[in-house]
Every structure is written in C-alpha cells, then in structure tokens.
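Working notes, structure below.
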Amino acid sequence: MTESLPDALMLDVLPPREGRIVILTGAGISKESGLDTFRDAGGIWSKVRLEDVATPQAFARDPEKVHAFYNMRRALNRTRKINPNPAHLALAELETQWPGEVLIITQNVDTLHEQAGSTSLLHMHGVHSKARCNACENTVDWTGDMSVRDVCGACGKAGGMRPHVVWFGETPLEMDRIGWALSNCDLFISIGTSGNVYPAAGFVAAIRRNGRAHTVELNLEPSAGASMFEESHYGPASRIVPAYVKALLASSL
C-alpha cells in the first residue's frame with residue numbers, strides 16, 4: 001500500500017493488457033471541480049435533513065419542498081462555472097487509450113464525466129439534469145425548475161415529475177449491468193468514495209469474494225473500506241488519478 005503521492009506511481013499489479021477495467025467514482029472526484037459533497041464536514045447533509053428532501057416519503061409528503069431543494073441544486077450548477085478536472089479527463093483518456101474495456105460506474109449526479117468525454121458510463125444514482133415521471137417512469141432531459149404543475153409528456157399526468165436521482169430507500173439504477181461488470185472485470189478502481197454508502201461500498205468485498213480482479217483505492221485519504229483494497233494510493237484526485245492512469249497506460253504498451 002502506498003500512502004503518499006510519488007512523482008511517478010509504480011503499480012503493484014498489472015492487469016492483462018486487454019483486461020476489463022471497472023471504475024467506481026464518488027463525490028471526491030468532483031469536489032475539486034467545485035461541487036459540494038454530501039457527507040463531508042460542512043457538506044450538504046450537514047445543512048439540510050436528507051429525510052426532508054431525499055426520500056420517496058418526503059416527496060409524497062411535501063413535493064414542493066423537495067422540488068425547491070433540487071431546483072436550487074440545478075440553479076447552482078447553471079450559475080457556477082463547473083468544469084471537469086484532470087481526474088475526469090484522465091479517465092476519459094483511459095477509456096480511449098486502453099486496449100480492453102473500461103466502464104465507469106459513478107455515484108455522482110453531475111455530468112462531469114460526460115463533459116470530459118467519457119461514454120462508457122453508468123449513473124447508478126441518477127443525474128440532476130433529468131426528470132422522471134412517477135406514474136410511467138418516462139425519463140427526459142430537464143435543466144430548469146420543476147414543480148407539481150409539470151405534466152409528463154408521455155402519459156399526460158401532472159404532479160408526478162420528479163428529479164431523476166435515487167433517493168434513500170430506493171434501489172440504485174443499472175444494478176444488473178453493474179453486477180455483471182463487477183463479476184467479469186480484471187481491475188477494479190475506486191476513486192473519491194467514502195466507503196459508507198451502500199451498495200457501492202460493498203462492491204470491493206463482492207469482487208474480493210469472486211477472486212478475479214485486482215482492487216485499487218485512489219482517494220484523498222483511506223475510506224471506511226480501505227482495508228479491503230489490495231493496493232492504495234492517496235492524494236488529491238486531480239493529481240493521483242492522472243498519475244495512476246499514466247502508469248496504467250504505460251503498462252499496456
């Protein structure tokens with residue numbers, strides 16, 4: 001395990017040259033782009049009760065309050081100049097340059113991976129810039145404000161349009177595809193995650209039980225599940241991720 005940031009990373013284990021790589025990203029990778037985290041000291045959940053704005057029960061009880069919270073979040077994203085940082089760009093480069101398959105599974109509801117150029121991407125917690133109808137599950141792009149007066153363009157019902165994000169108590173998206181990817185990868189990299197949010201926090205344990213993939217944590221500091229990883233490198237995502245990707249791509253030449 002490496003607990004400092006060297007000038008050039010030396011990888012503990014090299015994956016097969018055309019092996020499958022699965023990358024899990026969390027709030028830590030986007031924090032350096034200026035986005036607020038949820039669980040850090042001073043994060044979003046220290047300022048607002050998640051039970052009031054991020055559960056199906058909250059939406060059923062007070063949809064206007066839930067809409068107000070997410071309208072505020074979307075407005076902040078529109079007004080602040082938020083761009084991908086070198087970590088996002090490095091992962092997009094890895095997808096392009098690696099001889100095998102690369103899949104990013106992100107817990108983040110921003111679109112910084114897409115802006116950086118990543119295309120092999122699953123948003124397991126949804127995305128802020130979409131809306132979904134509670135009645136028919138139709139999903140559409142949505143960057144402006146939302147209210148109970150909005151009508152679904154697919155089924156015509158009003159009052160059921162909601163942010164396309166996974167709330168507490170709901171099942172994350174794309175879990176079948178994620179399960180297959182975790183069972184069939186050769187390298188699993190976790191970036192910027194706290195290790196406290198399940199089911200994502202359990203991915204490394206599932207992979208270790210499978211016994212196939214090498215597991216790597218790239219983080220600012222050890223996560224709650226750090227002991228589960230076979231290899232770790234710690235430092236700012238904007239430095240540690242490009243360094244790791246550079247070493248990984250060099251190994252494939």
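Values reported hereafter were calculated over all heavy atoms of this structure, with side chains retained and with hydrogens, waters and symmetry mates removed. Numbers here are sequence positions counted from 1. Note that the coordinates shown come from a computational prediction; the quantities given were computed from them, not determined experimentally.
Judged by distance alone, with hydrogens and angles left aside, the side-chain atoms of S30 form no donor-acceptor pair with the main-chain N or O of G26 at under 3.5 Å. For E32 (side chain) and A237 (main-chain N/O), a donor-acceptor pair under 3.5 Å exists by modelled atom type. No side-chain donor-acceptor contact under 3.5 Å links N108 to the backbone of D110.
For R20, the salt bridge (Lys or Arg N to Asp or Glu O under 4.0 Å) partners two or more places apart in sequence, or in a different chain, are E101. Under the rule for a ring-ring contact (aromatic ring centres under 6.0 Å, His included), the partners of H88 that lie at least two apart in sequence or sit in another chain are H113. Looking at residues two or more places apart in sequence or on another chain, you find a side-chain contact (heavy atoms from CB on, under 4.5 Å) between P172 and M124, H125, M175, P199. By the side-chain contact (heavy atoms from CB on, under 4.5 Å) test, E95 pairs with V102, S118, T119, S120, sequence neighbours left out. Partners of R212 under the salt bridge (Lys or Arg N to Asp or Glu O under 4.0 Å) rule, at least two apart in sequence or in another chain, are D186.
Neither I105 nor I23 shares a network with the other; the hydrophobic side chains, linked directly or stepwise wherever heavy atoms of I, L, V, M, F, W or Y lie under 4.5 Å apart, form separate groups for each. One hydrophobic cluster, built from ILVMFWY side chains closer than 4.5 Å, holds both L218 and L249. In this structure, V241 is a member of the same hydrophobic cluster as L94, with clusters built from ILVMFWY side-chain heavy atoms closer than 4.5 Å. Follow the hydrophobic side-chain contacts under 4.5 Å out from V204 and you reach L122 in the same cluster. Cluster membership for W98 and I189, using ILVMFWY side-chain heavy atoms within less than 4.5 angstrom, is shared.
Residues Y244 and V216 meet the side-chain proximity criterion, which asks for heavy atoms closer than 4.5 Å.
Put simply, CG on N210 and CG on L182 are 9.0 Å apart, with the number rounded to the nearest 0.5 Å. Here the straight-line distance linking atom OG1 of T106 with atom NE2 of H123 works out to 6.0 Å at 0.5 Å rounding. To the nearest 0.5 angstrom, N184 atom CG is 11.5 Å from L103 atom CG. T215 contributes atom OG1, which lies 8.5 Å from atom CG of L187 (distance to the nearest 0.5 angstrom). Taken to the nearest 0.5 Å, the CG atom of D145 stands 10.5 Å off from the NE2 atom of H67. Taken from OG in S238 to CG in N85, the straight-line distance is 6.0 Å, to the nearest 0.5 Å.
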Checklist entry - Please walk me through it: do L91 and V245 pass side-chain contact (heavy atoms from CB on, under 4.5 Å)? => result CA-CA 7 Å; L91 295 183; V245 166; 4.2 Å; yes
Check step by step if side-chain contact (heavy atoms from CB on, under 4.5 Å) holds for L35 and L112. CA-CA 10 Å; L35 288 177; L112 290 174; 3.7 Å; yes
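Residue pairs meeting the salt bridge (charged side-chain N to carboxylate O under 4.0 Å, His left out) criterion with at least one partner in residues 240-253, sequence neighbours excluded, do not occur; the list is empty. Listed by first then second residue, pairs satisfying ring-ring contact (aromatic ring centres under 6.0 Å, His included) with a partner in residues 183-210 number zero, not counting sequence neighbours. Contacts classified as salt bridge (charged side-chain N to carboxylate O under 4.0 Å, His left out) and involving residues 118-143 (residues at least two apart or in different chains) are given here: K130-D141, R132-E137. Counting only residues at least two apart or on different chains, no ring-ring contact (aromatic ring centres under 6.0 Å, His included) pair has a member in residues 129-159.
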Under 3.5 Å, side-chain donor or acceptor atoms of residues 56-65 against the rest of the protein: list the pairs with distances, not counting sequence neighbours.
residue	atom	partner	partner atom	Å
R61	NH2	E51	O	3.2
D62	OD1	K65	N	3.2

Ignoring hydrogens and angles, write down the donor-acceptor pairs under 3.5 Å from the side chains of residues 220-229, residues two or more places apart or on other chains.
residue	atom	partner	partner atom	Å
S223	OG	E217	OE2	2.4
S223	OG	G225	N	3.2
S223	OG	A226	N	3.3

For residues 149-162, tabulate all N or O donor-acceptor pairs below 3.5 Å that involve a side-chain atom, not counting sequence neighbours.
residue	atom	partner	partner atom	Å
D150	OD2	S147	N	2.6
R162	NH1	E170	OE2	2.8
R162	NH2	V165	O	2.6
R162	NH2	E170	OE1	3.1

